[in-house]
Amino acid sequence: MKVLMFNVNKDETGYINDCNRKFPFALEFADFDFNSADIGKFMGFDAVWITTGCKVTKDKSEQLEKAGVRYIVSRAAGTDHMELAAMKEAGIKGANVPRYSPNAIAEHTVCLTLMSLRKMKRELNMIDNYDFTLTGLKGLELRNMTVGVIGTGRIGAETIKILSGFGCQIIAYDLFENQAVKNKVTYLDFNDVLTKSDILILHCPLTKENERLIASDTIARMKDGAVLINTARGGLMDYEAVLEAIENGKISAAAFDVYDRETPYIRKKVERDRFESETLKKLMEKENIIYTAHMSFYTDTAIENMIMTAFDNLYEYEKTGHCSNDIIK
Ligand code: NAI
């Protein structure tokens, strides 16, 4: 099987080539952008290997089908970058990596939470300037807080397990209760979690129903001075509304690993003056906002599991035409 690989970091190619010895597939590492590539670039490949930055639109699905691509293997858990109905219509199969290390994202989430509570961005900026005072650094203790988790699936459950060690009260909302964490969390309806949380953490997938779940109207119902953490998807939040809430003090701190307009710059080194995302720029300048560039998954264990499962998906497709991680229903 000939596979065109997108968005592979230089430090991953060694591991990818090592894994591939087991199969082996004919891999080609693309040095061009998936989203803007024309049909000719995909000709001759049976499968493409993508990340969340690769948008599988209706047009792209049709283009891939015409080029002869049969399988799309996304090495991510989330699937909101792929129009699944359009893929199905075009006759292209697709698989994801539903579980590579929920702990990686959960640990990063708790790290962002603690950094926000202990005003770590301000402290690090002060240390950079040889300012060893305590000005503006008085923090908050997690054990005294009520933490609300929206989405208690694989990642949310790991976050809850870690948080439970801090002694904080944990409340949660999900469409389905997760038995694995039921003894650590009190399930409430969405509005109760929203209004009762000192810290609100988003761990649900982005769907049509929950797009901009956190916007002016929902922020208005949050506790004054609440802390907002999003390591799920940018589309869950209205970032203009978050900026306004940070500026007027409604939200005391926010940390996020995802941004709804991240595709143009993510995984690139961008010149400061040419950075076009004005809202994100303003958010990044705030001392009480921490932004990480969609990297909460990026650990050794997660990457190894992710790559191995993506290969297994390709192998299953090659052998059977089906895959246990198929996402097209
Ligand atoms: P999962 O499928 O195991 O859990 C998601 C949970 O959210 C489910 O229990 C589901 O019932 C619930 N849910 C769905 N819609 C909801 C809503 N409107 N309100 C409340 N709960 C809702 O998924 P997992 O593995 O926990 O991942 C969650 C999300 O995290 C992914 O969909 C992805 O968008 C994001 N993610 C982010 C990463 C990053 O690097 N920042 C890496 C991996 C995933």
More than 12 heavy atoms from other groups under 6.0 Å of CZ on Arg118: no
So, taking the atom named NZ in Lys161 and the one named CD1 in Ile170, what distance separates them when rounded to the nearest 0.5 Å? 12.0 Å
Do Ser296 and Thr109 have side-chain heavy atoms sitting under 4.5 Å apart? no
Report the relative orientation of the aromatic rings in Tyr317 and Tyr71; use parallel for angles under 30°, tilted for 30 to 60°, perpendicular for over 60°. parallel
When you measure from the side chain of Asp238 to the backbone N and O of Ala241, does any donor-acceptor pair fall under 3.5 Å? yes
When rounded to the nearest 0.5 Å, the distance separating CD1 of Ile72 from NZ of Lys60 is 9.5 Å
Could you check whether His203 and Thr159, counting side-chain N and O atoms only, form a donor-acceptor pair closer than 3.5 Å? yes
Do you know the tightest heavy-atom contact between Ser197 and Ile171? OG-CD1, 3.7 Å
Measure across Lys250 and Met222 and return the closest heavy-atom pair with its distance rounded to 0.1 Å. NZ-O, 2.6 Å
Residue Arg143 excluded, over 12 heavy atoms near CZ under 6.0 Å: no
Please work out whether the ring planes of Phe23 and Phe25 are parallel, tilted or perpendicular, with thresholds of 30° and 60°. parallel
Residue pair Glu262 / His294: nearest heavy atoms and the distance that separates them: OE2-ND1, 2.7 Å
Is the distance from the ring center of Tyr239 to that of Tyr291 below 6.0 Å? no
For Phe34, the option from Thr51, Val56, Asn7 that meets side chain to side chain contact (heavy atoms under 4.5 Å, CB included): Val56
Scan the side chains in residues 88-100 for donor-acceptor partners under 3.5 Å anywhere in the protein, sequence neighbours excluded, and list what turns up.
from: Lys88; atom 1: NZ; to: Lys329; atom 2: O; distance (Å): 2.5
from: Lys93; atom 1: NZ; to: Gly321; atom 2: O; distance (Å): 2.7
from: Asn96; atom 1: ND2; to: Ala77; atom 2: O; distance (Å): 2.9

Step by step, work out the salt bridge (Lys or Arg N to Asp or Glu O under 4.0 Å) result for Arg21 and Asp18. CA-CA 6 Å; Arg21 282 200 192 103; Asp18 283 350; 2.8 Å; yes
Val149 to Gly156 - nearest heavy-atom pair and separation: CG1-CA, 4.4 Å
Distance-minimising heavy-atom pair for Met237 and Leu228: SD-CD2, 3.6 Å
Could you tell me if Lys182 sits above the aromatic ring of Tyr187, with its cationic atom closer than 6.0 Å to the ring centre and no more than 45 degrees from the axis? no
Can a donor-acceptor pair be found between the side chains of Thr57 and Asp59 at a distance below 3.5 Å? no
Flag yes if more than 12 heavy atoms outside Lys55 fall under 6.0 Å of its NZ atom; otherwise flag no. yes
Of the options Ile246, Val227, Asn288, Ile199, which is the one that meets Ser252 in a side chain to side chain contact (heavy atoms under 4.5 Å, CB included)? Val227
Do Ile150 and Leu236 have side chains that approach each other closer than 4.5 Å (heavy atoms only, starting at C-beta)? no
Taking the six-membered ring for Trp, are Phe311 and Trp49 ring centroids under 6.0 Å apart? yes
Indicate yes or no: at least one non-hydrogen side-chain atom of Lys281 is less than 4.5 angstrom from one of Ser277. no
Do Met308 and Cys19 come close enough that some side-chain heavy atom pair is under 4.5 Å? yes
Contact summary for Val185 and Ala172, nearest pair of heavy atoms: CG2-CB, 3.5 Å
